[in-house]
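So the structure is just underneath, and the comments pick up after that.
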Amino acid sequence: ENVAPDGKYSYENPPSIEKDYYNPTLTDGVDIDGEKDEKYGETPVSRLYYNNAVGERYLDTWLYYGNDGLYSYSYVKDTEVYFEPTRAIYYNSSVELFFQTDTHSAITRKSLQWRVSCGGTFVKLCGVTSASTYVSSKFDGLCAVKTYGEINSGESEGYSVELFMPWYELLEADELESFDKETASILFMPAYNRVFKANSGNEIRKRTAPICSFQATPYTWVKTTLNESGEATGYVAEGSVFGTYD
């Protein structure tokens, strides 16, 4: 401020802060590498068809309740898979995955959202109850992405996204003491962003979310629990598409 028109001004940025990388020792025998481990079981907790129309394009998700935390594996089956690093995550082929325990009926700071592109870029967000929305945040967790076939070609075979979240990020401190994964319920909602070509910029995408489900109302999400075999099972409305009647 108050610099003469012919004066000069310079500024030197302070040294950057080193990133605090989360690198836990996982003991559940599941590697976060974008590949589906046997512990996820055979049946996904959710299938979301593109545009909610039963067909050959869909997003499947499996969950595994581990001792260390919650594991998630998602697979997008699609031939149109495109990525450009200059585009926003959700204007690339990408998924949006929401997680929360059923201990709350509204979103809270313990409601976790991941936006993950087929190119491996991601952002973490958490819920804001008063605004019924999500904001970029920081929480401990791991992410890995794997593509199948050639992306940006129109002839891909799809891509997978694997996540890990420690239980303490999904539960308040007082809830951790009494938490029992055998009787717990995790609420889950997927969304699927599909783009149709490379070089489309931040302009063209089709976002599909479950019918009658909303990201700020967890009681409309898929409810998952462990079955007798210890596999996470999703309970949804009857019908081939979650949320449809009859």
Side-chain angles (χ1 to χ4, degrees), residues 28 30-66 69-78 81 89-90 93-102 111-118 120 122-125 134 141-148 157-165 169-170 181 184-194 207-215 218-227 229-237 239-244:
D28 290 309
V30 178
D31 295 323
I32 306 302
D33 55 8
E35 297 187 6
K36 182 174 174 287
D37 293 270
E38 291 184 3
K39 290 191 174 183
Y40 286 110
E42 294 296 325
T43 307
V45 299
S46 166
R47 168 167 288 188
L48 176 64
Y49 286 101
Y50 166 66
N51 210 24
N52 284 306
V54 176
E56 297 181 354
R57 302 183 180 97
Y58 54 81
L59 162 62
D60 277 351
T61 300
W62 289 257
L63 299 181
Y64 175 65
Y65 293 25
L70 180 67
Y71 299 79
S72 167
Y73 173 84
S74 298
Y75 174 68
V76 174
K77 185 179 186 302
D78 202 335
V81 177
I89 288 175
Y90 44 80
S93 298
S94 58
V95 296
E96 299 175 35
L97 306 173
F98 299 79
F99 304 89
Q100 179 176 309
T101 65
D102 71 346
S111 305
L112 308 183
Q113 178 194 2
W114 293 75
R115 294 176 186 165
V116 186
S117 77
C118 65
F122 65 87
V123 64
K124 304 173 185 177
L125 304 95
Y134 290 77
L142 301 175
C143 174
V145 175
K146 184 173 182 178
T147 57
Y148 300 89
E157 299 172 19
Y159 61 96
S160 60
V161 174
E162 189 171 21
L163 305 173
F164 168 77
M165 293 147 281
E169 293 290 18
L170 288 157
K181 69 175 186 177
S185 292
I186 301 299
L187 306 178
F188 166 72
M189 193 191 106
Y192 167 20
N193 292 306
R194 187 170 190 259
R207 183 181 189 272
T208 302
I211 297 172
C212 297
S213 188
F214 181 53
Q215 63 190 41
Y219 52 85
T220 66
W221 300 0
V222 178
K223 182 177 182 179
T224 73
T225 58
L226 296 186
N227 61 20
S229 301
E231 297 179 354
T233 303
Y235 297 89
V236 298
S240 58
V241 180
F242 172 59
T244 58

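If you read the sequence from its start, that first residue is 1, and numbering goes on from there.
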Item to complete: Kindly determine whether Leu97 and Val116 satisfy side chain to side chain contact (heavy atoms under 4.5 Å, CB included), including the steps that lead there.
Response: CA-CA 8 Å; Leu97 306 173; Val116 186; 5.7 Å; no
Discussion item. Is it the case that atom OH in Tyr58 sees more than 12 heavy atoms from other parts of the structure closer than 6.0 Å?
Written reply: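 Yes, OH of Tyr58 has more than 12 neighbouring heavy atoms, counting only those of other groups under 6.0 Å.
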Worksheet item: With the threshold set at 4.0 Å, does a side-chain nitrogen-carboxylate oxygen contact exist between Arg194 and Asp78?
Response: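 Salt bridge flag = yes for Asp78 with Arg194.
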Worksheet item: Does the side chain of Thr61 come under 3.5 Å of the side chain of Ser74 through a donor N or O and an acceptor N or O?
Response: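 Note: Thr61 and Ser74 side chains meet the donor-acceptor criterion.
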Item to complete: Name the orientation class of the two ring planes belonging to Tyr73 and Trp62 (parallel below 30°, tilted from 30 to 60°, perpendicular beyond 60°).
Response: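 The rings of Tyr73 and Trp62 sit tilted, inter-plane angle from 30° to 60°.
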Pairwise distance [atom1]([X]) to [atom2]([Y]) - rounded to 0.5 angstrom:
{"X": "Glu231", "Y": "Thr43", "atom1": "CD", "atom2": "OG1", "answer": "6.5 Å"}
{"X": "Tyr192", "Y": "Thr208", "atom1": "OH", "atom2": "OG1", "answer": "7.5 Å"}
{"X": "Tyr148", "Y": "Glu157", "atom1": "OH", "atom2": "CD", "answer": "9.5 Å"}
{"X": "Phe164", "Y": "Cys143", "atom1": "CZ", "atom2": "SG", "answer": "13.0 Å"}
{"X": "Trp114", "Y": "Leu125", "atom1": "CH2", "atom2": "CG", "answer": "10.5 Å"}
{"X": "Tyr65", "Y": "Leu70", "atom1": "OH", "atom2": "CG", "answer": "7.0 Å"}

Discussion item. Restricting to side-chain contact (heavy atoms from CB on, under 4.5 Å), what partner residues turn up for Asp37, sequence neighbours left out?
Written reply: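 Testing Asp37 for side-chain contact (heavy atoms from CB on, under 4.5 Å), a comparison that skips the adjacent residues, returns Val30, Tyr40, Glu162.
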Item to complete: For Arg115, enumerate each residue passing the side chain to side chain donor-acceptor pair (under 3.5 Å) test, keeping only those at least two apart in sequence or located in another chain.
Response: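 Partners of Arg115 by the side chain to side chain donor-acceptor pair (under 3.5 Å) criterion come out as none, since no residue qualifies.
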Worksheet item: Who passes side chain to side chain donor-acceptor pair (under 3.5 Å) against Ser72, sequence neighbours left out?
Response: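 Once residues adjacent in sequence are excluded, Ser72 has no partner under the side chain to side chain donor-acceptor pair (under 3.5 Å) criterion.
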Worksheet item: Can you list the steps and then say if Lys36 with Tyr75 is a side chain to side chain contact (heavy atoms under 4.5 Å, CB included)?
Response: CA-CA 9 Å; Lys36 182 174 174 287; Tyr75 174 68; over 6 Å; no
Fill in: Partner of Ser185 by side-chain contact (heavy atoms from CB on, under 4.5 Å), out of Thr101, Thr225, Thr224
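That would be Thr225; it is the only one of Thr101, Thr225, Thr224 passing the side-chain contact (heavy atoms from CB on, under 4.5 Å) with Ser185.
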[X] to [Y] - nearest heavy-atom pair and separation:
{"X": "Met189", "Y": "Ser213", "value": "SD-OG, 3.5 Å"}
{"X": "Ala191", "Y": "Arg207", "value": "CB-NH2, 3.6 Å"}
{"X": "Pro190", "Y": "Leu59", "value": "CB-CD2, 3.7 Å"}
{"X": "Gly34", "Y": "Ser160", "value": "O-OG, 2.6 Å"}

Worksheet item: Would a 4.5 Å heavy-atom cut-off, applied to side chains only, mark Asn193 and Glu96 as touching?
Response: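 SC-SC contact between Asn193 and Glu96 confirmed.
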Worksheet entry | Min side-chain heavy-atom separation Asp60-Lys77 under 4.5 Å |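 Result no, sub-4.5 Å side-chain heavy-atom pair not found.
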Are the side chain of [X] and the backbone of [Y] linked by a donor-acceptor contact shorter than 3.5 Å?
{"X": "Asn51", "Y": "Ala53", "value": "no"}
{"X": "Asn52", "Y": "Pro210", "value": "no"}
{"X": "Ser111", "Y": "Gln100", "value": "no"}

Worksheet entry | Full working for side chain to side chain contact (heavy atoms under 4.5 Å, CB included) between Phe122 and Leu163 | CA-CA 11 Å; Phe122 65 87; Leu163 305 173; over 6 Å; no
Practice prompt. Evaluate the side chain to side chain contact (heavy atoms under 4.5 Å, CB included) criterion for residues Lys39 and Tyr71: first the C-alpha distance (whole Å), next the side-chain angles of each, then the deciding distance (0.1 Å), finally the verdict.
Written response: CA-CA 10 Å; Lys39 290 191 174 183; Tyr71 299 79; over 6 Å; no
